[in-house]
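Okay, structure first, notes after.
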Amino acid sequence: MLPRRPSCSATTALISLGSLLLLVCGLWLLVTIFWLQAPSNSVPHRAPPPRGSPGTEPQACGVVPEAWRFDCYPERGVVVTRELCEARNCCFIPASSSPPALGRNGVPWCFYPPGFPSYSLVSVNATDLGQTGTLVKTVKTYYPKDILTLQLGLLYETDNRLRVRITDPSESRFEVPIAVPKATEKASSPAYSVELSNEPFGIIVKRTSTGAVLLNTTVAPLFYCDQFLQLSSSLSSQYIYGLGEHRSSFLHDIHWNTLTMWARDVAPTELTNLYGVHPFYLAMDEGGTGTAHGFFLLNSNAMDVVLQPGPAITWRTIGGILDFYVFLGPDPTSVIGQYLEVVGYPAMPVYWALGYHLCRWGYGSSNATWDVVKNMRNYGIPQDVQWNDIDYMDRSLDFTFDPTAFSTLPDMVKDLHSHGQRYVMMLDPGISSVQPEGGYWPYDEGLRRGVFINHTDGSTLIGKVWPGLTAFPDFSDDVTHEWWYDNLKRFHDKVPFDGLWIDMNEPSSFVDGSTVGCPDTELENPPYTPGILGGLLRAKTLCASAVQKTSSHYNMHSLYGLLEAKASCPEAYVRKRAFVISRSTFPSQGQYSGHWLGDNRSHWKDMYTSIAGMLTFNLLGVPLVGADICGFSEQTEEELCVRWTQLGAFYPFTRNHNSIDQKPQDPPAFSPAARSAMKQSLLLRSSLFPLLYTLFHRAHTHGHTVARPLLFEFPKDVRTYGIDRQFLWGKSLMVTPVLDPGVDYVVGYFPQGLWYDYYTGDSIRSKGEELRLKAPLEHINLHLREGAVIPTQRPNTTLFVSSGQPLHLVSSLSEDGSAGGELFWDDGETGSTNTITFTSSLPIASYITVETASFYGVKMEPTRVMVNSHDAAFTYRANQVRLGVRSQRLSVF
Ligand SMILES: *[C@@H]1O[C@H](CO)[C@@H](O)[C@H](O)[C@H]1NC(C)=O
Ligand SMILES: *[C@@H]1O[C@H](CO)[C@@H](O)[C@H](O)[C@H]1NC(C)=O
Ligand SMILES: *[C@@H]1O[C@H](CO)[C@@H](O)[C@H](O)[C@H]1NC(C)=O
Ligand SMILES: *[C@@H]1O[C@H](CO)[C@@H](O)[C@H](O)[C@H]1NC(C)=O
Ligand SMILES: *[C@@H]1O[C@H](CO)[C@@H](O)[C@H](O)[C@H]1NC(C)=O
Ligand SMILES: *[C@@H]1O[C@H](CO)[C@@H](O)[C@H](O)[C@H]1NC(C)=O
């Protein structure tokens, strides 16, 4: 059943009210607090050297400034002594800095001296796309299997995109199996220039227009051994973002900060590798010019990414090749667009994906789940989707439901559908290998079709997950996709679910490697292991040596969630847009799924870090992202849950999810005042659906962000660079949530310009300053930037209903009285669409109509207002004109 929705359009509405004067803004209390990134203390993770061993250092060592010391002894759990260090021909100088913070590498005490053996560039020839060169080295390193001759490829793919590949010319090595564009001709006027240093070999990339150095890899030796590849570069500034998935501030700390990447199931914790892997960063150029660039290392192996105050970065990976891209921007939005041109733009979500989702682990029965839905309806609180965690399953088996406690599940799903609501349930990749009575089709058929990951000896690898012993589907094999689809279809015939929640897909296992351990091989015990939690590649996952169709699990591990997501939205099964939310993610994920941050705890701090997580995933091309509203584990409190629901109403993906054994945290579970505040914020979200949907279309077609950091819109304002307590939706709608308990105000930064209170139209003219805003419990601060037209809609309890309602346009006039905006509209599910573009006036069409409009910033009371040459009824309150228009005057389609 489809909602009554228009057949579509991408439109631009530009509304100009001519020369209206501007109201002098009512000023809020000004608070001048300069916000700086807190200096981090750093602490070496290794023990200090024995006292009294200062020794005399070779002169060359002493000249290397601390900020530029590149770690020669990154191994963990080793006390690095002068002896060990010098055995690597490195410099040993105990650092002068004060004790560093726990878990971070401080200034390395053992570092490469100038002139440490590296590769030399011995020949360079032109190619169709750029240049090719040969790198050689004569001295082996202290890691096994140095590759002494390398091939360098410089590919000038587009004017804004450089690709560099360093490969082994004698043997093909593992390359990440995701499709990237193939350039056919060399960029004609690149925005970058490349200089090659011969001895030692290095690449210097500059922005042609400013001369800014974006990359300089001569700063430290290049390593290219079979299982240890390392590339360092200067960074052009300390402002670096991305590098997910980690729990941190949005702006990374460059004070000896090691970010390890290897997909891992663990409650989000600082300085720990988490569920997803994204070796991409966006950085601002030097000098505060507002220009930005990006860097993407196309590599899926376990790696460390080390940030140090040089500013500099080191990529240390244990496999694959060095294959990287530099994106020239020049503005942050273009950098993301250029990155997503390589890994793929995010999918356009089905309309109800943008509604309110409700979930918990431990409803216990379908009737209890259903009661929650009915209760939400009784209170008139918006809800679009009901979810179930694994407790719906029969003995935790995928593709089953508990025949007693969840016997009414199919009826509940039918009831949801008849109310314009949807149903999503969890699936885990682990397939029970213990035969329940009567056999278990997914496993039996999986074995028949050979879909499971094996040990090196060819036997099925068995781990342990919720149902007990499990085999793991190899989603790198097309045969597995067919088998997965058949399972989905068989289950869908019983329970007509609408989307999938794919969890535990790091893949997570409760045993290390397998129930019988792992063989002792180079893949299991590489010469260097990045700083992954548990210290072993196989910690709480499969053996690194395990066999998948495409390659070993050593290479494929962090791609598991991506490939499962891909299998979970086969075109055959979804002629409509698929809905998948995945825990583990990898570049290009946005094409197949969204992500929830797995943010586990019901703490104020988790609510705050969710903003950085949301913004980071928007940079990474997975805009459909959000954290568990009110917190997953531990008991939430009413005030926290209200504030979190207000913030969550502005997550692109809005789901309240709770753990088993915790008290209910769905809106009806709270006091009338809290419930009403939550309801208001969800209705507000629903009223903003036309804007949100339009932003997603921009993400889908141009690689734009949906939830957007302030720095993207104000890149010349350095004070926006560290902001992760506020964010924008698109260009113009600024959200300033309360993130602290017991307060009725919030301090937010307003970049220079004219801003309007979204609810009242009161204006603020900011010089670029922090303002203190009133924020009683029922209020979330929203401000419209000058010059915007925002499409909104009368809200209702489902998007199914509200998306058929007339539009209300909100315009925030700039000083010259102009404003512009756009609206994308289609049927919401299949994407059948044609495109209308218009400026300066609204077009006439049939389906969706504009019923009313508000104009903020109208200084004088008008005597007459005309819409498309017809008089329109209007009201005027100080600063604000509100129009009521007859719908045929402003019908959009
Ligand atoms: C470049 O060309 C020279 C001369 O033809 C050849 O000897 C050399 O191998 C080539 N180098 C590369 C990296 O292709
Ligand atoms: C690149 O780095 C090297 C080593 O630190 C330095 O000598 C050189 O000046 C740098 N080049 C540029 C263009 O910054
Ligand atoms: C669920 O509710 C239905 C309808 O009220 C009832 O018939 C059924 O017994 C209930 N199921 C369970 C497991 O309580
Ligand atoms: C695992 O072994 C089975 C049985 O020999 C085989 O059919 C299947 O293709 C193997 N899977 C992989 C990923 O090699
Ligand atoms: C953290 O949350 C994730 C996602 O909901 C869950 O799978 C995991 O078990 C949780 N861990 C803890 C310690 O609660
Ligand atoms: C939703 O629409 C129905 C039918 O038009 C109306 O009765 C109801 O009041 C609306 N609900 C809200 C929350 O506006």
Side-chain angles (χ1 to χ4, degrees), residues 3-4 60 63-70 111-116 118 192-208 210-222 231-237 285-287 308 310-314 355-356 363-374 376-384 388 391-392 394 401-415 419-421 667 675-676 678-687 689 792-806 808 851:
R4 284 168 290 105
V63 304
V64 182
E66 287 190 352
W68 290 98
R69 292 181 184 171
F70 289 87
F111 55 95
Y112 304 112
F116 188 89
S118 185
Y192 48 85
S193 64
V194 183
E195 289 161 28
L196 296 173
S197 152
N198 295 350
E199 183 68 67
F201 161 71
I203 302 172
I204 292 144
V205 179
K206 291 183 180 166
R207 184 184 298 282
T208 319
T210 59
V213 178
L214 308 184
L215 202 71
N216 179 353
T217 72
T218 59
V219 295
L222 170 69
L231 177 83
S232 299
S233 172
S234 59
L235 284 171
S236 89
S237 78
D285 287 12
E286 63 199 16
Q308 66 185 71
I313 188 167
T314 295
Y356 182 60
Y363 283 119
S365 69
S366 45
N367 282 2
T369 311
W370 203 344
D371 285 345
V372 169
V373 174
K374 290 173 185 161
M376 290 287 283
R377 287 180 197 150
N378 287 342
Y379 285 111
I381 303 173
Q383 184 186 4
D384 295 277
N388 274 122
D391 45 311
Y392 79 89
D394 181 16
F401 62 96
D402 185 323
T404 43
F406 281 82
S407 59
T408 56
L409 184 61
D411 304 321
M412 180 189 86
V413 174
K414 278 174 212 139
D415 176 64
H419 286 81
Q421 295 173 307
R675 195 162 62 220
S676 146
M678 293 181 191
K679 177 174 168 175
Q680 286 320 310
S681 58
L682 297 174
L683 286 169
L684 174 62
R685 176 186 178 86
S686 158
S687 72
F689 169 76
T792 70
Q793 209 159 25
R794 195 185 306 152
N796 207 286
T797 49
T798 60
L799 291 178
F800 179 82
V801 172
S802 69
S803 64
Q805 301 288 321
H808 171 73
E851 189 176 60

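One-based numbering, in listed order, for ligands and for the atoms of each.
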Strictly distance-based, threshold 3.5 Å: is any side-chain N or O of S365 a donor or acceptor partner for the main-chain N or O of F406? no
Does the ring of Y356 carry R685 above it, NZ/CZ under 6.0 angstrom from centre and within 45° of its axis? no
Using a 4.0 Å heavy-atom threshold (strictly under), name the region of P795 that reaches ligand 6: side chain, backbone, both or neither. backbone
Side chain S233, main chain N216, donor-acceptor under 3.5 Å: yes
May I ask you to decide if G380's main-chain N or O and T797's side chain share a donor-acceptor pair within less than 3.5 Å? no
Are R675 and Y379 packed together at the side-chain level, in the sense that at least one heavy-atom pair is separated by less than 4.5 angstrom? yes
If we number the atoms of ligand 2 from 1 as shown, the ones under 4.0 Å from a heavy atom of T218 are 1 (C), 2 (O), 3 (C), 4 (C)
Under 4.0 Å from atom 4 (C) of ligand 3, can you find at least one protein heavy atom? no
Give yes or no for whether the N/O distance cutoff of 3.5 Å, strictly under, is met between N367 and ligand 3. yes
Of T408, D415, D411, which meets side chain to side chain donor-acceptor pair (under 3.5 Å) against W370? D415
Looking only at protein heavy atoms, which one is nearest to atom 9 (O) of ligand 2, and how far off is it? N216 ND2, 4.8 Å
Quick one: look up the protein heavy atom nearest atom 13 (C) of ligand 3 and list residue, atom name and how far away it is. T404 O, 3.6 Å
What protein heavy atom is closest to atom 2 (O) of ligand 6, reported as residue, atom name and distance in Å? N796 ND2, 2.2 Å
Would atom 11 (N) of ligand 6 count as contacted, meaning some protein heavy atom under 4.0 Å? yes
Is atom 7 (O) of ligand 3 near the protein, in the sense that some protein heavy atom lies at less than 4.0 Å from it? no
Just so I know, are the side chains of V373 and R377 near enough to count as touching, which here means a heavy-atom distance under 4.5 Å? yes
Does ligand 2 come near enough to K206 that some N or O of the ligand is less than 3.5 Å from an N or O of the residue? no
